[in-house]
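For reference, the structure is listed below as structure tokens.
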Amino acid sequence: MAHLPFSATSAQSMSISHSKFILGFMGFNRITHSPELFLIRSPRSSYSRRKLSVKNVASNQKQKLKDSVTQEEGDLGTFIPDSTSIASSIKYHAEFTPSFSIEQFELPKAYFATAESVRDTLIINWNATYDYYEMMNVKQAYYLSMEYLQGRALLNAIGNLELSGAYAEALRKLGHDLEDVARQEPDAALGNGGLGRLASCFLDSLATLNYPAWGYGLRYKYGLFKQHITKDGQEEVAESWLEMGNPWEIVRNDVSYPVKFYGEVTSGADGSKQWVGGENVVALAYDVPIPGYKTKTTINLRLWSTKLAPEEFDLRAFNAGDHAKAYAAMKNAEKICYILYPGDESLEGKTLRLKQQYTLCSASLQDIIACFERRSGEHVKWENFPEKVAVQMNDTHPTLCIPELIRILMDVKGLSWKEAWDITRRTVAYTNHTVLPEALEKWSLELMQELLPRHVEIIRRIDEELVHTIIAEYGTEDLDMLKQKLKQMKILDNVELPDSVAELLSKSEENSSVDPAEEVESSVEENKPTAEEDESVGLDTENKKEVTVDEAPKLPKVVRMANLCVAGGYAVNGVAEIHSEIVKSEVFNEFYKLWPEKFQNKTNGVTPRRWIRFCNPDLSKIITKWIGTEDWVVDTEKLVTLRKFADNEELQSEWREAKRRNKIKVASFLKEKTGYFVDPDAMFDVQVKRIHEYKRQLLNIMGIIYRYKKMKEMSLEERKIKFVPRVCIFGGKAFATYVQAKRIVKFITDVGATVNHDPEIGDLLKVVFVPDYNVSVAEVLIPGSELSQHISTAGMEASGTSNMKFAMNGCIQIGTLDGANVEIRQEVGEDNFFLFGAQAHEIAGLRKERSEGKFVPDPRFEEVKAFVRSGIFGPYNYEELMGSLEGNEGYGRADYFLVGKDFPSYIECQEKVDEAYRDQKRWTKMSILNTAGSFKFSSDRTIHEYARDIWGIEPVVLP
């Protein structure tokens with residue numbers, strides 16, 4: 001138990017040292033020359049630039065300190081804190097920024113004090129960054145994402161600041177180890193999978209490359225969930241990451257915006273629209289600084305939390321004893337930011353999700369517009385808005401940015417429809433992350449009409465504009481073709497056509513023997529004026545004219561959010577070459593034919609700082625030694641240099657030793673988290689990612705069962721000859737309401753419980769499911785992995801990013817030609833990637849073959865299913881799981897993800913893996929070439945492409 005001797009004298013001395021520490025860093029940005037003032041400003045506050053002054057507690061030492069600073073002022077710009085000044089800063093925060101009782105200086109308190117010390121430095125660079133952006137009035141990118149999977153911040157921050165050694169020494173002086181202190185930090189529960197991790201990698205690269213940018217998200221109190229693994233499988237409990245507070249965030253009580261739901265739309269005498277009444281909440285800003293690597297640039301992640309405005313609290317009901325009624329509005333406001341992706345099986349769940357999405361969009365756009373107005377000064381030129389602002393929507397979750405920007409510009413700022421629509425289409429861009437139909441969001445029109453009535457009016461107007469554009473492009477002569485175009489492209493699905501379109505079709509009908517009511521499937525629920533008649537997007541209900549085609553009254557009326565993104569944005573990008581081609585040829589083919597210039601590819605990337613430099617220091621030192629420079633951390637193309645040393649025996653020896661040290665760490669971690677002992681000399685075979693049927697964890701575990709069954713049929717000597725010892729590691733969360741994915745988790749854990757306790761098998765095979773997989777777990781597992789599995793059904797994984805992290809760390813991959821696997825295989829070399837399975841262009845034909853009853857399963861696959869059904873893995877009934885792999889049609893049947901089809905190819909490929917692993921020289925060379933080939937998959941490269949091709953922003957280096 002560590003103690004800090006806090007006497008009055010030491011407190012005074014500590015405060016002086018802390019002030020010197022702060023003022024030294026302030027040499028980068030002369031916010032103030034007064035040592036008794038430390039300014040913490042809200043970057044880009046929408047209100048006046050207020051100064052929060054914190055008085056130096058050692059007031060009787062002010063003049064002495066001021067004299068000292070004056071003497072040293074010339075050297076402030078090059079100030080580099082040493083371990084002594086850092087230790088004083090940590091002690092200062094332990095005493096004067098207390099989150100814990102004062103008696104001891106144990107690990108949790110040490111973590112908070114250390115983080116607050118680092119945050120001091122970040123705030124200074126952060127203020128300098130945004131002061132400069134304000135002064136230069138630069139164009140800025142704004143990245144909106146429902147997820148940010150940040151991971152722990154401490155080691156990443158001090159690594160980027162190049163202070164790791166100084167902080168480690170400072171903490172040693174205070175009786176603690178830096179690694180132990182860092183482990184006290186919980187992962188920020190702001191994301192779930194690759195979508196959120198990509199967003200976080202992008203922020204790191206934006207800061208490192210000095211691009212003016214800002215991230216926006218929601219501050220989830222309880223995250224997605226914390227995963228527990230029990231005898232019943234996965235169980236979910238709320239995350240507790242904010243219970244002790246978050247030292248990295250700064251609440252901005254002066255930055256908040258109103259967010260409205262429900263209500264009604266009223267029209268003014270001049271035709272203007274106002275959204276009134278309804279439910280009102282307040283979105284409050286929490287800022288998290290994001291430092292760049294070896295740069296002063298520190299950008300911002302602004303997270304919104306929701307609360308009830310005091311004037312909305314029903315004090316009358318409370319005092320009357322009706323506490324439930326009084327609390328209802330408060331809870332309705334607060335729960336918006338309770339959970340990431342709340343279950344949406346119920347209407348309440350759907351409503352909450354839509355509220356989350358709108359809160360993110362509305363608060364963020366109000367903030368962005370406030371910044372634009374402030375930087376513009378007295379004369380705001382709205383036509384210049386797209387020249388100063390680029391809004392990137394990370395998937396369809398922020399789609400409501402489009403109607404919300406139009407609403408603010410028209411209803412609040414007084415612009416016309418034409419002006420607002422033009423500005424929006426030049427401001428907003430969209431990244432598509434999926435080809436799965438269920439992930440291309442469709443919202444109930446009825447729900448949206450109730451919750452966001454003004455936005456539905458605007459979306460109807462956008463849909464009308466889109467339909468007119470389609471007709472103008474293709475004409476009305478071929479109504480068959482027009483029918484297909486509208487069916488695929490309309491934003492409002494199963495909704496009647498706009499009245500203005502009906503008129504055009506009626507005219508066409510007069511000159512055609514074809515009845516348009518038989519040719520166009522789509523309709524308008526309510527009549528609206530044309531663009532020429534009314535710029536306020538009003539609805540004319542008196543002269544409603546219905547033109548319905550192929551009427552399907554039972555089909556729900558929905559808003560297709562992805563179509564709205566494409567219609568309302570100026571750029572659409574996929575996230576891997578194969579994915580972008582599928583986006584153009586299948587998902588948005590009709591849009592691509594209409595607007596080919598909108599579509600781009602931007603292959604995902606990961607930050608090499610977190611994903612190799614900091615999480616794998618042993619390998620990083622080896623890379624630096626052989627390349628001859630550490631510049632590869634910001635210029636990964638230098639990793640290619642490793643190719644010429646791939647056969648070098650000295651490098652191979654160092655490489656293997658680094659890998660083994662990492663494997664020992666993994667073995668220790670697995671023992672701590674699961675209780676299983678594993679042999680670090682076995683091959684570490686890893687599949688860690690979100691649990692989903694298309695990612696095919698089921699194929700992996702079925703292959704393991706086949707391996708286990710064959711082992712059981714052999715003698716001990718035969719097993720040793722045939723099989724390489726393996727530790728098969730799984731990790732990932734199944735969504736709480738995704739029943740089949742949760743069955744897969746249960747299945748994996750049951751197989752592990754049987755295999756791991758089989759004395760005949762011993763260390764020849766282990767199966768371990770790591771609970772609560774997150775960024776911090778990945779930072780342990782990935783450096784120690786030797787084989788990683790990226791085995792999704794071809795054509796279904798947009799990109800993936802974990803494959804890139806594994807490749808960077810010299811992990812060889814087994815996978816299909818899907819997502820970024822295609823490009824990884826090209827860069828690392830075909831001989832250094834284990835390929836199996838059907839290809840994307842074959843999938844539709846294979847599913848058709850299955851539906852026609854022509855598929856014949858491999859006998860080995862049937863053997864595995866029978867083995868499972870024998871009950872060897874326990875009493876749980878896996879009939880639903882096995883049944884999903886059987887039959888030719890029907891929901892939850894017919895092996896939609898082609899596990900049975902790819903199974904023979906998969907197990908034969910695994911035999912090649914064993915063969916290669918036995919030749920450690922060959923395997924090490926493959927590992928080196930994987931790291932060398934990962935140069936293309938840095939998020940720095942991706943961000944350069946976004947900045948150049950989509951956002952039109954330039955790096956801004958602080959003076």
Side-chain angles (χ1 to χ4, degrees), residues 260 263-276 358 361-362 365-366 368-369 372-373 380-387 389 391 393 399-430 445 448-449 452-473 489-492 495-504 524-544 559 561 563-570 594-595 598:
K260 182 184 291 294
E264 60 181 353
V265 181
T266 63
S267 298
D270 58 354
S272 63
K273 297 280 186 171
Q274 288 298 318
W275 182 17
V276 298
Y358 179 61
C361 296
S362 181
L365 282 171
Q366 290 181 71
I368 291 165
I369 287 169
F372 173 74
E373 290 180 309
V380 178
K381 295 182 179 179
W382 289 105
E383 66 271 20
N384 293 339
F385 189 76
E387 308 305 318
V389 171
V391 175
M393 301 182 296
T399 305
L400 289 168
C401 279
I402 293 167
E404 175 67 359
L405 180 55
I406 293 172
R407 182 192 72 81
I408 295 173
L409 292 175
M410 292 181 67
D411 299 357
V412 181
K413 304 304 175 183
L415 275 65
S416 69
W417 164 264
K418 182 179 179 181
E419 291 168 326
W421 179 227
D422 176 68
I423 289 168
T424 300
R425 285 186 299 167
R426 293 190 293 124
T427 300
V428 179
Y430 162 54
L445 180 62
M448 192 174 287
Q449 176 73 58
L452 303 169
R454 179 61 176 134
H455 296 76
V456 169
E457 289 188 354
I458 294 169
I459 291 168
R460 287 183 182 280
R461 181 63 175 274
I462 296 171
D463 194 42
E464 182 176 349
E465 293 274 356
L466 174 61
V467 171
H468 277 288
T469 300
I470 294 167
I471 292 174
E473 180 70 20
M489 299 175 72
K490 277 185 93 272
I491 296 165
L492 299 175
V495 174
E496 299 145 351
L497 283 168
D499 195 53
S500 57
V501 176
E503 292 174 5
L504 284 174
V524 181
E525 181 179 351
E526 296 180 17
N527 193 17
K528 299 197 315 299
T530 64
E532 293 76 18
E533 292 171 332
D534 187 357
E535 291 191 342
S536 65
V537 201
L539 300 179
D540 178 10
T541 57
E542 295 179 2
N543 301 308
K544 182 173 179 180
V559 183
M561 305 302 272
N563 288 19
L564 178 55
C565 285
V566 179
Y570 67 90
L594 181 63
W595 294 309
K598 283 192 179 187

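Ile368 has its side chain within reach of Phe385: a pair of non-hydrogen atoms, C-beta onward, lies under 4.5 Å apart. Counting heavy atoms from C-beta outward, Arg461 and Trp421 have side chains that stay 4.5 Å or more apart. Contact of the Ile406 side chain with the Leu415 side chain is not registered, since no non-hydrogen atoms from C-beta on lie closer than 4.5 Å. Put simply, the side chain of Ser272 does not reach to within 4.5 Å of the side chain of Asp411, judged on heavy atoms. Side-chain contact between Ser416 and Met410 is absent, with no heavy-atom pair separated by less than 4.5 Å. Side-chain contact check for Leu594 versus Glu473: some heavy-atom pair is nearer than 4.5 Å. Side-chain contact between Tyr570 and Lys598 is absent, with no heavy-atom pair separated by less than 4.5 Å. Side-chain atoms of Val559 and Met561, non-hydrogen and from C-beta on, do get closer than 4.5 Å to each other.
Ion pairing of Glu373 with Lys413 is present here, as a side-chain N (NZ or NE/NH1/NH2) and a carboxylate O approach within less than 4.0 Å. Looking at Glu457 and Arg460, no side-chain N of the basic residue comes within less than 4.0 Å of a carboxylate O on the acidic one, giving no salt bridge. Using a cutoff of 4.0 Å between basic side-chain nitrogens and carboxylate oxygens, Arg426 and Asp422 are scored as salt-bridged.
Contact detail for Val566 and Trp595: the closest heavy-atom pair is O-CZ3, 4.1 Å. Taking each heavy atom of Pro453 and Gly263 in turn, the nearest pair found is CG-O, 3.7 Å. The shortest heavy-atom contact between Met393 and Val428 is CE-CG1, 3.4 Å. Minimum heavy-atom separation, Lys260 to Leu452: O-CD2, 4.1 Å. The shortest non-hydrogen separation linking Val391 to Leu365 is CG2-CD2, 4.5 Å. Residues Ile402 and Gly569 come closest through the heavy atom pair CD1-N, 4.5 Å.
The distance from atom CG of Leu564 to atom OG1 of Thr399, rounded to the nearest 0.5 Å, is 6.0 Å. A distance of 10.0 Å separates CG in Asn563 from CG in Leu492, rounded to the nearest 0.5 Å. How far CD1 of Ile459 is from CZ of Arg454: 11.0 Å, rounded to the nearest 0.5 Å. If you take CD1 on Ile369 and CG on Leu409, they are separated by 5.5 Å, rounding to the nearest 0.5 Å. Ile470 CD1 to Met489 CE: the interatomic distance, rounded to the nearest 0.5 Å, is 4.0 Å. Atoms SG and CZ, on Cys361 and Arg407 in that order, are 11.5 Å from each other to the nearest 0.5 Å.
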Would Ile408 and Gln366 count as a side-chain contact (heavy atoms from CB on, under 4.5 Å) if you check the C-alpha gap in whole Å, the side-chain angles of each, and the deciding distance to 0.1 Å?
-> CA-CA 8 Å; Ile408 295 173; Gln366 290 181 71; 4.0 Å; yes

CA sep, side-chain torsions, deciding dist, call: Trp417, Glu465, side-chain contact (heavy atoms from CB on, under 4.5 Å) | CA-CA 11 Å; Trp417 164 264; Glu465 293 274 356; 2.9 Å; yes

For Glu264 and Trp275, what are the C-alpha separation, side-chain angles and deciding distance, and is it a side-chain contact (heavy atoms from CB on, under 4.5 Å)?
-> CA-CA 6 Å; Glu264 60 181 353; Trp275 182 17; over 6 Å; no

Passes side-chain contact (heavy atoms from CB on, under 4.5 Å), Leu466 versus Lys490? Steps please.
-> CA-CA 7 Å; Leu466 174 61; Lys490 277 185 93 272; 5.6 Å; no

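Relative orientation of the Phe372 and Trp382 rings is tilted, given thresholds of 30° and 60° on the angle between their planes.
With hydrogens and angles left out, the side-chain atoms of Thr266 and Lys273 include no donor and acceptor closer than 3.5 Å.
Under a 3.5 Å cut-off, the side chain of Thr424 and the backbone N or O of Ala420 do form a donor-acceptor pair.
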